[in-house]
Amino acid sequence: MALWATSCSSSEKLFLASSAATRRRMGSRRRDLVHVGMTDQAETETISIAYKEGDRERPKWADETPFSRLVEALISFKPFYSLLKLGARQVLISTAERNNIPWREMTKEILESDVYKELNTIQNTSLQYPDYYLSPFHAYVEGNLSWLAAAEAEVATMSMTRRAIPYAPSNEEATQEMRGNWVQAIKQHHMKHSGNVTIQNIVDIGCSVGVSTRFLADEFPSAKVTGLDLSPYFLSVAQYKEKKRPPRKNPIRWIHAAGENTGLPSKSFDLVSFSYVFHECPERAIIALVNEAFRLLRPGGTLAITDQAPKSKILQELSPALFTLMKSTEPFLNEYYLTDLEERLREAGFVNMKTLLTDPRHMTMTATVPHQHV
């Protein structure tokens with residue numbers, strides 16, 4: 001999950017499912033959008049818009065420059081790092097409070113619930129955690145392996161969404177724009193490149209507390225959806241919250257496993273999704289995750305990665321204070337920005353790579369397993 005969070009010709013295009021709510025959102029002019037036009041396609045009416053890209057392949061603050069190294073040195077100084085963690089956390093909480101997101105109430109509701117009972121049904125006690133996963137992500141000393149991180153994950157995601165889409169009239173519409181654009185990019189790619197393969201089996205790797213997993217299950221109600229994560233605490237919250245919803249025709253399956261070695265059968269999925277996962281990984285883990293995704297997908301299957309966008313104009317123009325705060329809570333952020341994701345996908349065997357800015361701060365990259373894959 002990002003605390004904040006490559007292109008189609010000269011302007012970045014994405015496709016949004018058109019609806020009355022979408023038209024209302026698009027009615028007002030935005031400083032960070034360029035309206036391109038409307039396209040009719042078979043049964044789906046779509047709106048094509050473009051978010052603004054910066055002038056570089058990635059932000060200057062992510063390059064190997066003297067200034068970047070100075071920031072890294074400051075972050076490594078423990079007293080200063082402690083202050084930065086508090087500052088980064090406060091940015092999220094203040095954003096939530098300004099936008100009527102009940103941070104404290106939602107966190108308290110989880111921590112005072114029966115969520116703890118889910119742990120025994122979820123946790124794989126023999127699982128060996130990768131070394132990078134034991135890092136202190138997101139201002140939590142225990143990283144993702146704590147109840148507090150799990151209890152705050154969804155509300156932090158809501159706050160991150162509002163930071164990405166501050167112009168939205170409501171929290172719900174901000175979420176719909178961010179998640180809706182992401183899902184529509186997946187649908188458009190799969191429709192174009194799958195060879196009419198229906199999405200029947202989905203695995204959401206690095207699913208956290210299941211926000212993205214539930215969205216996929218809602219958008220593909222006939223599919224069997226699996227949410228997989230390394231944190232049994234996150235998965236406990238995901239399973240607890242899913243039990244509070246009306247039963248689905250196809251219940252979501254939750255698995256405690258490493259994304260690099262899921263233990264799931266080869267060629268058993270039509271869609272593998274990573275939502276806001278790669279920026280929390282060193283490059284070696286990204287390569288392993290991509291290779292595992294290739295193994296899991298059937299021929300014609302789709303890989304979807306959504307994460308921070310190196311070409312985002314907003315991210316490229318972050319103030320030194322903000323990007324220093326961001327880097328203090330994301331220990332592998334520089335590695336992510338310096339990784340050529342499309343090349344890593346190509347090396348794994350993927351084809352038809354496409355990258356779209358699906359909101360002002362985030363991109364969605366899609367790719368296909370070749371149909372002749374054996």
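As the structure is a computational prediction, the values presented were derived from the model and not from experiment. All heavy atoms count here, side chains included; hydrogens, waters and symmetry mates do not.
- Both the sub-6.0 Å distance and the 45° axial angle are satisfied by Lys187 relative to the ring of Phe220.
- Taking 4.0 Å as the cut-off between side-chain N and carboxylate O, Glu242 and Arg253 do not count as a salt-bridged pair.
- In this structure, the side chain of Ser113 engages the main chain of Ile110 through a donor-acceptor pair within 3.5 Å.
- Under a 3.5 Å cut-off, the side chain of Ser146 and the backbone N or O of Glu142 do not form any donor-acceptor pair.
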Show your reasoning for whether side-chain contact (heavy atoms from CB on, under 4.5 Å) applies to Glu172 and Met158. CA-CA 9 Å; Glu172 291 75 17; Met158 294 169 67; over 6 Å; no
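- Between Asn99 and Pro166, every side-chain heavy-atom pair lies at or beyond the 4.5 Å cut-off.
- Looking at every heavy atom in both residues, Val225 comes nearest to Ala217 through CG2-CA, 3.9 Å.
- Hydrophobic clustering, with ILVMFWY side chains joined whenever heavy atoms are under 4.5 angstrom apart, groups Met365 together with Val369.
- Nearest approach of Ala288 to Glu260, heavy atoms of both residues: CB-CG, 3.6 Å.
- Taking hydrophobic clusters as Ile, Leu, Val, Met, Phe, Trp and Tyr residues chained together by side-chain heavy-atom distances below 4.5 Å, Leu297 shares a cluster with Phe278.
- Listed here is the closest heavy atom pair of Ile165 and Ala174: CD1-O, 3.5 Å.
- Between the side chain of Asp204 and the backbone N or O of Thr213, at least one donor-acceptor pair lies under 3.5 Å.
- Taking OG1 of Thr366 as the reference point, atom CD1 of Ile186 lies at 8.0 Å (rounded to 0.5 Å).
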Begin with the C-alpha distance, continue with both residues' side-chain angles, and end with the deciding distance and a verdict on side chain to side chain donor-acceptor pair (under 3.5 Å) for His190 and Thr302. CA-CA 6 Å; His190 195 78; Thr302 296; 2.6 Å; yes
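- Across all non-hydrogen atoms, the minimal contact from Lys52 to Leu357 is O-CD1, 3.7 Å.
- Arg295 has its side chain out of reach of Lys267: every pair of non-hydrogen atoms, C-beta onward, lies at least 4.5 Å apart.
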CA sep, side-chain torsions, deciding dist, call: Asn144, Ser231, side chain to side chain donor-acceptor pair (under 3.5 Å): CA-CA 6 Å; Asn144 295 331; Ser231 172; over 6 Å; no
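- Side-chain contact between Phe274 and Thr306: absent, with no pair of heavy atoms (C-beta onward) separated by less than 4.5 Å.
- No donor-acceptor pair closer than 3.5 Å links the side chain of Ser194 to the backbone N or O of Met191.
- No side-chain N or O of Trp103 forms a donor-acceptor pair with one of Glu97 less than 3.5 Å apart.
- For the residue pair Thr368 and His193, no side-chain donor N or O sits within less than 3.5 Å of a side-chain acceptor on the partner.
- Counting heavy atoms from C-beta on, the side chains of Met363 and Gln308 never come closer than 4.5 Å.
- Using a cutoff of 4.0 Å between basic side-chain nitrogens and carboxylate oxygens, Asp218 and Arg245 are scored as salt-bridged.
- A heavy-atom distance below 4.5 Å is found between the side chains of Leu289 and Cys281.
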Derivation of the side-chain contact (heavy atoms from CB on, under 4.5 Å) call for Lys224 and Gln200: CA-CA 6 Å; Lys224 295 179 181 178; Gln200 296 178 321; over 6 Å; no
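- The 12-atom threshold is not exceeded at CD of Glu109, counting heavy atoms of other residues, nucleotides or ligands nearer than 6.0 Å.
- Rounding to the nearest 0.5 angstrom, the gap separating the CD1 atom in Ile202 from the CG atom in Asp270 is 8.0 Å.
- Checked by atom type and distance alone, the side chain of Asp229 pairs as donor or acceptor with a backbone atom of Ser208 at under 3.5 Å.
- Residues Arg361 and Asp359 have side chains in contact (heavy-atom distance under 4.5 Å, counting atoms from C-beta outward).
- For the atom pair NZ (Lys311) and CG (Leu356), the distance works out to 11.5 Å, reported to the nearest 0.5 Å.
- A distance of 7.0 Å separates CD of Gln316 from CG of Asp55, quoted to the nearest 0.5 Å.
- Defined by atom type and a distance below 3.5 Å, a donor-acceptor pair is missing between the side-chain atoms of Ser312 and Glu53.
- Transitive grouping of hydrophobic side chains (ILVMFWY, heavy atoms separated by less than 4.5 Å) keeps Val155 and Leu235 in distinct clusters.
- By the neighbour-count criterion of 12 heavy atoms within 6.0 Å, atom CZ of Arg104 is sparsely surrounded, having that number or fewer from other residues, nucleotides or ligands.
- The backbone N or O of Leu315 sits less than 3.5 Å from a side-chain atom of Trp61, completing a donor-acceptor pair.
- Judged by distance alone, with hydrogens and angles left aside, the side-chain atoms of Asn291 form no donor-acceptor pair with the main-chain N or O of Ala348 at under 3.5 Å.
- Ile287 and Ile205 are not part of a single hydrophobic cluster, where members link through side-chain heavy atoms under 4.5 Å apart.
- A distance-only check finds a donor-acceptor pair linking the side chain of Asp340 to the backbone of Glu343 [under 3.5 Å].
- Remark: side-chain polar atoms of Arg162 are paired, donor with acceptor, to backbone N or O of Ala168 under 3.5 angstrom.
- Ring pair Phe215/Trp182 is tilted by interplanar angle, where 30° to 60° counts as tilted.
- Here the straight-line distance linking atom OH of Tyr276 with atom CD1 of Ile305 works out to 13.0 Å at 0.5 Å rounding.
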What verdict does the side-chain contact (heavy atoms from CB on, under 4.5 Å) test give for Leu264 and Leu228, after you've listed the backbone C-alpha separation in whole Å, the side-chain angles of each residue and the deciding distance to 0.1 Å? CA-CA 10 Å; Leu264 297 170; Leu228 184 146; 4.1 Å; yes
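- Between atom CG of residue Leu119 and atom CD of residue Gln123 there is a gap of 4.5 Å, rounded to the nearest 0.5 Å.
- Using a 4.0 Å cut-off between charged side-chain N and carboxylate O, Arg284 and Glu335 make no salt bridge.
- Between Phe332 and Tyr336, the distance separating the two ring centers is not shorter than 6.0 angstrom.
- Under the 30°/60° scheme for interplanar angles, the aromatic rings of Trp147 and Tyr233 are found to stand perpendicular.
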Take Leu145 and Leu134 through the test side-chain contact (heavy atoms from CB on, under 4.5 Å) and record every step on the way to the result. CA-CA 8 Å; Leu145 295 172; Leu134 303 177; 3.8 Å; yes
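- Side-chain contact between Arg214 and Lys241: present, with at least one pair of heavy atoms (C-beta onward) separated by less than 4.5 Å.
- No more than 12 heavy-atom neighbours from other residues, nucleotides or ligands sit within 6.0 angstrom of CD on Gln128.
- Of all heavy-atom pairs spanning Ala185 and Thr358, the tightest one is CB-CG2, 4.2 Å.
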I'd like to know whether Glu173 forms a side chain to side chain donor-acceptor pair (under 3.5 Å) with Tyr167, so could you lay out the CA-CA distance, the side-chain angles of the two residues, the decisive distance to 0.1 Å, and finally the verdict. CA-CA 10 Å; Glu173 289 184 274; Tyr167 50 78; over 6 Å; no
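- The cluster map of Ile, Leu, Val, Met, Phe, Trp and Tyr, joined by side-chain heavy atoms under 4.5 Å apart, puts Leu127 and Tyr133 in the same cluster.
- The closest side-chain heavy-atom distance from Trp254 to Cys207 is below 4.5 Å.
- Between the Asp307 side chain and the His279 main chain, a donor and an acceptor come within less than 3.5 Å of each other.
- Nearest heavy atoms, Glu57 versus Pro310: O-CB, 3.3 Å.
- At a cut-off of 3.5 Å, with distance as the only test, a side-chain donor of Thr262 or Glu292 sits close to an acceptor on the other residue.
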